[in-house]
There are 4 protein chains.
Amino acid sequence: MTQEPATGRWSRRKQTRPSEIIEAALDLFVERGFAATKIEDIAKRAGVTRGTPYLYFASKEELFKAVIREGLLPRIEVGEALVRDFNGPATALLEEVVRFSWQAIAKTKLAGIAKLVMAEAGNFPDVAKYYHDEVVHRGQNLVMYTLEYGVKRGEFRPMDIDYTMRVVIAPIMMAMIWQHSLGVCINESIDDDRFLDSYLSLLKCGLCQRID
Amino acid sequence: MTQEPATGRWSRRKQTRPSEIIEAALDLFVERGFAATKIEDIAKRAGVTRGTPYLYFASKEELFKAVIREGLLPRIEVGEALVRDFNGPATALLEEVVRFSWQAIAKTKLAGIAKLVMAEAGNFPDVAKYYHDEVVHRGQNLVMYTLEYGVKRGEFRPMDIDYTMRVVIAPIMMAMIWQHSLGVCINESIDDDRFLDSYLSLLKCGLCQRID
Amino acid sequence: MTQEPATGRWSRRKQTRPSEIIEAALDLFVERGFAATKIEDIAKRAGVTRGTPYLYFASKEELFKAVIREGLLPRIEVGEALVRDFNGPATALLEEVVRFSWQAIAKTKLAGIAKLVMAEAGNFPDVAKYYHDEVVHRGQNLVMYTLEYGVKRGEFRPMDIDYTMRVVIAPIMMAMIWQHSLGVCINESIDDDRFLDSYLSLLKCGLCQRID
Amino acid sequence: MTQEPATGRWSRRKQTRPSEIIEAALDLFVERGFAATKIEDIAKRAGVTRGTPYLYFASKEELFKAVIREGLLPRIEVGEALVRDFNGPATALLEEVVRFSWQAIAKTKLAGIAKLVMAEAGNFPDVAKYYHDEVVHRGQNLVMYTLEYGVKRGEFRPMDIDYTMRVVIAPIMMAMIWQHSLGVCINESIDDDRFLDSYLSLLKCGLCQRID
DNA sequence: TATGAATGAGGCTTCATTCAT
DNA sequence: GATGAATGAAGCCTCATTCAT
């Protein structure tokens with residue numbers, strides 16, 4: 001069924017099995033939600049059978065965690081590097097951070113994970129804690145750093161960093177959620193440019209030092 | 001818990017039963033999610049037995065709809081009236097709308113419904129459609145009206161209303177979602193005043209007509 | 001809902017309630033079968049509510065028995081009288097018996113009872129016994145009498161009365177069953193004249209004294 | 001009862017399981033009727049647990065269809081072959097058809113299926129259609145062919161084939177039904193020879209060309 | 001390493017029956 | 001007599017998980 005690489009039809013590719021399963025799980029979790037996704041469907045999409053996922057993941061919940069780990073962490077790390085190495089106007093950094101989140105996360109399947117966790121983490125405290133520490137916290141720091149950077153440079157007005165960060169992050173999060181919940185049913189998609197323009201305009205005006 | 005007008009099983013409460021069941025369902029759906037909530041638990045919390053909910057609601061899904069109908073629609077209507085009757089500066093209207101959404105929805109259990117629908121409506125297209133038409137659409141109109149009002153009065157800069165509306169709504173939505181998913185697990189709550197202040201500051205600066 | 005006779009809207013007609021319920025039960029049992037018919041539907045069709053049938057019948061099963069009793073017994077009695085009083089050629093008696101069964105039973109709702117008992121009596125030994133003794137046995141006697149009558153008169157050939165009776169009865173029974181089971185789904189109805197003609201031709205030729 | 005090729009739960013019998021389940025279902029459906037038979041009981045009798053039947057049959061109704069398919073269709077096919085290959089007097093063919101139906105169907109558990117369908121197909125239109133097309137229709141054709149064959153050869157008198165077929169079939173059908181409904185309760189069984197003799201005598205006399 | 005038949009707890013829903021009013 | 005809200009046992013079906021092969 002699945003395409004085997006050139007090493008011959010029966011090379012079992014032990015190393016790649018787990019990630020194929022994670023990939024399949026990501027797709028299906030995002031499409032249907034955690035509870036509504038059957039292990040068997042994941043197995044099928046990964047080209048294996050019912051029992052195989054259990055060779056690599058102790059339970060459906062562990063598989064859920066692995067999906068988060070493999071999917072989001074690498075992107076977060078790229079984002080962190082991007083901020084760390086930046087030099088220039090805060091407005092530019094802000095725009096870079098926003099566009100990165102948009103391109104590298106919000107427009108990909110990974111956005112579905114965010115929605116997924118919001119949706120179902122409540123029933124899996126383990127997962128929630130893990131996600132919070134490894135994803136949310138680091139993502140928030142990224143934005144807070146940007147805001148502080150702008151304030152320090154005198155580009156942004158003084159502000160309550162913690163909470164402004166939440167307000168700043170929200171539209172991106174919501175865009176991710178919309179694309180993977182109601183949006184799908186109602187068949188309404190988002191125009192990237194119009195969204196980013198409206199968003200960035202509001203941010204730039206809203207954060208900047210007023211001269212009046 | 002609930003007041004019994006008579007004793008025990010035969011207390012004849014056709015009028016109050018449905019809302020008791022809806023109330024119980026709201027609590028549990030919000031606590032655990034739709035799929036993870038058992039009808040029997042709803043029944044128990046409402047002080048009845050397994051069969052009783054089915055006297056009033058044809059299925060779990062219909063009960064879900066009723067929860068939305070009874071919970072959110074009245075608030076939406078109040079919001080609509082509030083906007084309809086308003087006269088004065090757009091900034092004040094905006095603030096009123098925001099504070100109303102916050103107090104009357106975001107800080108109550110109803111916020112959980114929003115989260116709930118985001119999370120699970122994907123698997124229940126019926127519910128999704130209903131929620132979109134009756135809640136999302138009307139809520140969005142409310143905000144769009146406010147923005148247009150400000151633009152017409154020259155208080156707000158010209159803008160892409162459709163998309164700015166999304167950006168404006170997002171922080172409230174996220175606050176609602178936050179409180180009912182990760183927030184719960186991480187045990188981190190939001191300081192109302194700091195959140196609203198940061199949010200309104202950003203909005204007011206971000207939307208207003210720049211004089212420069 | 002139901003038409004009340006002229007004695008005033010609230011004359012409760014105690015005497016007629018049970019037969020109205022039986023009538024409704026007959027209709028529905030015949031339409032849908034015993035197990036598939038809900039007491040509530042019977043009540044509704046009889047113009048009363050869920051609890052009322054239990055005032056007159058201890059259980060659904062007892063109601064079943066009552067339906068048989070009230071529906072079939074009177075017709076059987078008419079048939080018995082018809083045979084008892086007959087004088088004339090056996091062929092004519094046979095035809096009379098056949099046409100009576102056809103008109104007074106097979107073409108009416110009562111045919112449904114026969115089908116009903118065949119179908120479900122197995123699960124209700126009580127009912128089965130009752131039906132056998134009161135309906136089957138007496139019906140069979142009626143036919144056996146007719147055959148004996150013909151043999152005695154030298155019109156019919158000597159025969160194994162017990163078993164020929166079964167063969168003779170079968171087509172009528174089957175016609176009743178067809179009309180109330182597959183026939184309904186497949187939407188195939190029986191042409192009375194063609195059926196009776198074919199049936200009677202076979203019987204007359206098949207039973208008569210051969211001269212060869 | 002059943003031969004276990006290996007021991008216990010893990011005996012891997014994908015090939016034999018379905019027929020074991022069908023067999024068990026046939027027994028119980030015939031004994032108790034379709035609606036009154038619980039899947040769990042079928043499972044138990046087949047030596048498996050609740051979930052197993054669903055590995056092979058999508059629903060109780062599909063299992064019912066399978067019972068028909070596996071049970072009756074092969075016999076029908078044998079009957080068709082029998083008629084197709086026949087050469088000789090029509091009376092002999094008729095007798096062969098009758099005796100075959102008797103031995104291969106009416107005297108076996110399969111007779112119960114016929115009764116079952118009559119009894120309950122009304123509530124399962126799918127099954128009814130399937131049964132009608134695959135069993136009733138083909139069975140009827142078999143008999144109609146026989147009658148036409150006799151008429152063509154001048155052995156049988158001219159007749160209304162469609163309806164005479166119904167009359168001819170009825171006694172066999174009734175015998176099948178009888179054995180699986182009232183007969184069981186009343187504990188009255190049929191003497192094969194006496195029944196077939198009476199039946200065939202009636203048919204032969206009733207259908208033949210009279211010389212008078 | 002991989003399979004996939006089998007398990008069995010658990011959820012949704014139905015409906016005959018009860019009984020306070 | 002009549003009502004109809006409430007009960008609760010019971011049935012169908014799903015699916016995460018196990019484990020002999």
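Note that the coordinates shown come from a computational prediction; the quantities given were computed from them, not determined experimentally.
Rounded to whole angstrom, the span from the NZ atom of C:Lys60 across to the P atom of E:dT14 amounts to 15 Å. Rounded to whole Å, atom P of F:dA2 lies 19 Å from atom NZ of C:Lys44. Whole-Å rounding puts the C:Tyr54 OH to F:dA5 P distance at 16 Å. The distance between atom CZ of D:Phe57 and atom P of E:dA6, rounded to the nearest whole Å, is 12 Å. Regarding D:Glu40, its CD atom lies at a distance of 9 Å from the P atom of F:dC12, rounded to whole Å. The distance between atom CD of A:Glu61 and atom C1' of F:dC15, rounded to the nearest whole Å, is 16 Å. Note: CG (D:Asn123) to P (E:dT14) measures 16 Å, nearest angstrom. Distance, A:Leu63 CG to F:dT17 C1': 14 Å, rounded to whole Å.
For the OP1/OP2 pair of E:dA2 and a distance below 4.0 Å, the side-chain nitrogens and oxygens of A:Tyr56 include at least one atom meeting the criterion. For B:Thr52, a side-chain nitrogen or oxygen approaches OP1 or OP2 of F:dT7 to under 4.0 Å.
Between B:Lys65 and B:Glu134, no side-chain nitrogen of the basic residue sits less than 4.0 Å from a carboxylate oxygen of the acidic one, so the salt-bridge criterion is not met.
Residues satisfying the side-chain contact (heavy atoms from CB on, under 4.5 Å) criterion with A:Ala35, sequence neighbours excluded, are A:Glu120. C:Glu61 meets the side-chain hydrogen bond (donor to acceptor under 3.5 Å, both in side chains) test with no other residue; sequence neighbours excluded. Partners of A:Tyr131 under the ring-ring contact (aromatic ring centres under 6.0 Å, His included) rule, at least two apart in sequence or in another chain, do not exist in this structure. Residues passing the side-chain hydrogen bond (donor to acceptor under 3.5 Å, both in side chains) test with A:Lys38: none are found, sequence neighbours excluded. Partners of C:Lys109 according to the salt bridge (charged side-chain N to carboxylate O under 4.0 Å, His left out) rule, which considers only residues two or more places apart in sequence or in another chain, are C:Glu23, C:Asp27. C:Arg69 pairs by the side-chain hydrogen bond (donor to acceptor under 3.5 Å, both in side chains) definition with nothing, not counting sequence neighbours. A search for side-chain hydrogen bond (donor to acceptor under 3.5 Å, both in side chains) contacts involving B:Glu70 returns nothing, not counting sequence neighbours.
Of the residues near DNA chain E, C:Ala58 and B:Lys38, the one whose nearest nucleotide (by heavy atom distance) lies more toward the 5' end is B:Lys38. Heavy-atom nearest nucleotides on DNA chain F were determined for D:Gly51 and for C:Val48, and the one closer to the 5' end corresponds to C:Val48. Projected onto DNA chain E by closest heavy-atom contact, C:Ile39 and B:Ser59 fall at different nucleotides, the more 5' of which corresponds to B:Ser59. Map A:Ala36 and B:Gly47 each onto its nearest nucleotide of DNA chain F; the residue landing nearer the 5' end is B:Gly47.
Closest of all the heavy-atom pairs between A:Ala43 and A:Arg50 is CB-N, 4.0 Å.
Side chain of B:Thr49, nearest nucleotide from F:dG4, F:dG8, E:dT13: F:dG8.
For D:Arg17 and E:dA6, a side-chain-to-base donor-acceptor distance below 3.5 Å is absent, hydrogens and geometry of angles not being considered. If you check distances only, the side chain of A:Arg50 does reach the base of F:dT17 with a donor-acceptor pair under 3.5 Å.
Among the atoms of the strands shown, base atoms are found under 4.0 Å from some heavy atom of A:Leu55.
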Writing each nucleotide of DNA chain E 5' to 3' as (, ), [, ], | or . by Watson-Crick or G-U pairing under 3.5 Å yields .||||||||||||||||||||
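Only at 4.0 angstrom or more do the heavy atoms of residues 21-34 of chain C sit from any atom of DNA chain F, so none qualifies.
For an aromatic pair to be called close, the ring centres must be under 6.0 Å apart, and B:Phe124 with B:Phe34 satisfies this.
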